[in-house]
Amino acid sequence: MATEKGQIKTAMKKSFFSSLASLLSLSDEQAMWRVQSQDDADAFARLVERWEGPIQRLCTRMIGDAHRAEDLAQEAFTRLFLKRKTYQGTARFSTFLWRIALNLCFDELRRSKRRGETSLEGPEGEVVHALRAICANEPAPDVLLAAQERAELVRQALLRLSEGYRSVVVLRHYEDLKFREIADVLEIPEGTVKSRMAEALALLHQYLSRSMEKGDHACQIIPQPQNQTESLVI
Amino acid sequence: MSNHTPTAESNRKLGDMNHPTPEAWMAYLYREMPPADHAGLSEHLAACPECLEKVKTWRRTLGALDDWSLPKKKATVRLVQPIIKWGLAAMILLGMGLGLGHYAIPAEPGIKSLQKVLEPSLRAALEKGLRQSIEEALLQDWQAAKRQWLGELQQHNQAQITQMSADLAASISADTQQLLARFALAYEQARQKDHESVLTTLRQWEAQRAVDYAHMRADLETLAVVTESELERSQRQIGTLASFTQTISDKSGLPDDSTQRQPDLNPNSNERSR
């Protein structure tokens, strides 16, 4: 009797922690299964909460427009819910979601191209961030302005890349996906992903160098405050 | 550049001018290769200025990419209700126990010795009671979680089985449709073939008929020409006979029946017989 009680206590402790773990972090695939099979709104809300930031950042970097990127991110989750029945439980949820978001970005880029639109505004998030930094006694405005200009150069250079190259750079460098994961998302071989990355970096180096040659003063080495690293001349 | 596996690259000797591929360098820059291969490429970098320059350029570009940063959304902290709930419960019980103990202690000079005696047993009893209630609550929670997990697992398995059955039925239906399509295609091809062979035969017959007709026409024309020439010859012969008869009659002084008009055997002929 005492042994059984002891065993029950041990089992309870283990299952308590495992159920705690499962309550704490329902995996994406488990949450998506619930959405797919039971239309579980709570599980869907968890997924949105977890992935809203990365998807919005992806869209911002792919199309270069923070406003439109917000709309696209919302559209991505709407499409995710509408396509919930097509999700294969054996595949990773993140791959499924990245693919939906990227396709929306590609469609948006094609629409913009047909309309002849270009994204003239910089990423607004960065402007707001800079304003907040000013108010919070962050680096001097001229330093921030230089940082914004550098960011704008990078944004323009990225937008000059083709969609295939840009998607690889954004997913690897900014969203920190492994090359194998990117290959799954884009449905191309891993070697192709790596070669596209190399080519994209070479093109970005060219574009940024040309921007430097045009005499953009933001490219000079600007001493940063002590808590930041020094910028490099490209 | 040739496409080398990471192992081959790491074992490559320096000085044979075989450089790692750009794909290998990307894996190197992002540390997505085995440590041994990474070390091999580092060695190559140390001895190859060309590759070193390339890698430095890539690194600078990657550094420049970091100049465009976007504000990250702060992750919201979800209250874990079970932990909070049980933590609060434990705190309330402990507080109640301490409070009861505090108010139960009489304000007498011997209170400290009483405290020394009572506190450990009170603490032990409180701890035991708290542990029991937490264990009971945990047991209930565990059973509920277990039931839920089993239910979810069952539903998940059922859904998977249903999906697999649907996929199998769809694939069988797809195979059947494929076979039907192939049969229809083969039948259509055979029918086309037959149709073409019939048309070919008919064309051949028609060609043959045309040839035969041409031959027959030629033969008929030849016959007509021959007949016409024979008729003319006959007419000439008749004319010759008539003239011969006339001559004889003249010589003998008999009336000439030959002066009677000879019948015109050829309606198309000229007045040669006159």
Side-chain angles (χ1 to χ4, degrees), chain A residues 8-9 11-13 15-16 18-20 22-24 30 33-34 36-38 46 49-50 52-53 56-57 60-61 66 89 123 125-126 128-129 132 147 150-155 157-158 169 172-174 178-180 190-195 197-199 201-202 204-205 208 231-234, chain B residues 1 3 21-33 54-76 78 80-83 86 131 134-146 148-149 152-153 155-156 158-160 162-163 167:
Chain A
I8 288 172
K9 278 186 193 174
M12 271 164 44
K13 276 182 196 169
S15 62
F16 169 69
S18 61
S19 58
L20 260 185
S22 68
L23 284 171
L24 274 173
Q30 287 173 329
W33 179 78
R34 285 193 183 179
Q36 192 182 44
S37 57
Q38 302 160 16
R46 282 183 198 224
E49 190 182 350
R50 216 177 275 169
E52 193 179 6
Q56 203 170 318
R57 286 196 298 275
T60 304
R61 294 194 201 279
E126 196 179 306
V128 172
H129 181 63
R132 283 194 190 131
R150 279 199 302 274
E152 179 60 20
L153 283 175
V154 171
R155 187 184 78 90
L158 265 176
V169 170
R172 186 60 197 88
H173 190 75
Y174 292 109
K178 303 292 178 202
F179 286 118
R180 182 182 41 78
E190 190 178 336
T192 307
V193 175
K194 289 177 185 171
S195 64
M197 185 74 188
E199 285 159 26
L201 288 179
L204 283 170
H205 173 68
L208 290 168
S231 302
L232 295 173
V233 171
I234 297 167
Chain B
M1 289 182 183
N3 199 7
T21 59
E23 292 84 1
W25 285 123
M26 290 301 112
Y28 174 82
L29 284 169
Y30 283 102
R31 296 192 168 267
E32 284 192 32
M33 54 179 22
K54 272 187 198 164
V55 169
K56 274 187 179 173
T57 305
W58 281 326
R59 277 199 175 126
R60 276 201 296 271
T61 309
L62 289 174
L65 287 177
D66 291 334
D67 285 342
W68 185 23
S69 65
L70 294 176
K72 284 196 176 178
K73 278 198 170 185
K74 287 183 184 173
T76 57
R78 290 178 69 92
V80 181
Q81 289 180 348
I83 291 179
W86 296 118
R131 190 179 289 132
I134 289 178
E135 280 173 4
E136 279 166 12
L138 284 176
L139 180 65
Q140 281 176 6
D141 186 51
W142 173 68
Q143 281 171 349
K146 185 179 153 186
Q148 189 187 2
W149 181 78
E152 282 175 7
L153 184 66
Q155 280 177 359
H156 177 65
Q158 248 175 352
Q160 276 204 326
T162 308
Q163 183 66 33
D167 289 343

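Naming: A, B, ... by sequence-line order, numbering from 1 per chain. Just so you know, these numbers come straight off a predicted model, no measurement behind them.
- Counting all heavy atoms, side chain and backbone alike, B/Ala64 lies closest to A/Val154 at O-CG2, 3.2 Å.
- Looking at A/Val193, there are no atoms closer than 4.5 Å to chain B (heavy atoms on both sides), in backbone or side chain.
- Residues A/Gln56 and B/Leu70 are not in side-chain contact: their nearest non-hydrogen atoms beyond the backbone lie 4.5 Å or more apart.
- Within the 4.5 Å cutoff, no side-chain heavy atoms of B/Glu152 are placed close to those of A/Gln30.
- When heavy atoms are compared at a cutoff of 4.5 Å, A/Gln36 does not approach chain B at all.
- Contact of B/Gln155 with chain A is made through backbone and side chain together, with heavy-atom distances under 4.5 Å.
- Nearest approach of A/Gly191 to B/Glu23, heavy atoms of both residues: O-CG, 3.5 Å.
- Ranking A/Glu190, A/Lys178, A/Arg180 against chain B, the residue ahead of the rest is A/Lys178, based on heavy-atom pairs under 4.5 Å.
- For the atom pair CG (A/Leu204) and CG (B/Leu62), the distance works out to 9.0 Å, reported to the nearest 0.5 Å.
- Heavy-atom distances place no part of A/Ser37 under 4.5 Å from chain B, backbone and side chain included.
- In this structure, the side chains of A/Arg61 and B/Trp68 come closer than 4.5 Å at one or more pairs of heavy atoms.
- When side chains are defined from C-beta on, B/Trp58 does not count as touching A/His205, because their heavy atoms never get closer than 4.5 Å.
- Here A/Leu201 contributes atom CG and B/Leu29 contributes atom CG; the two are 8.0 Å apart, rounded to the nearest 0.5 Å.
- Residue B/Met26 comes nearest to A/Phe179 through the heavy atom pair O-CE1, 3.8 Å, listed as atom of the first residue, atom of the second, then distance.
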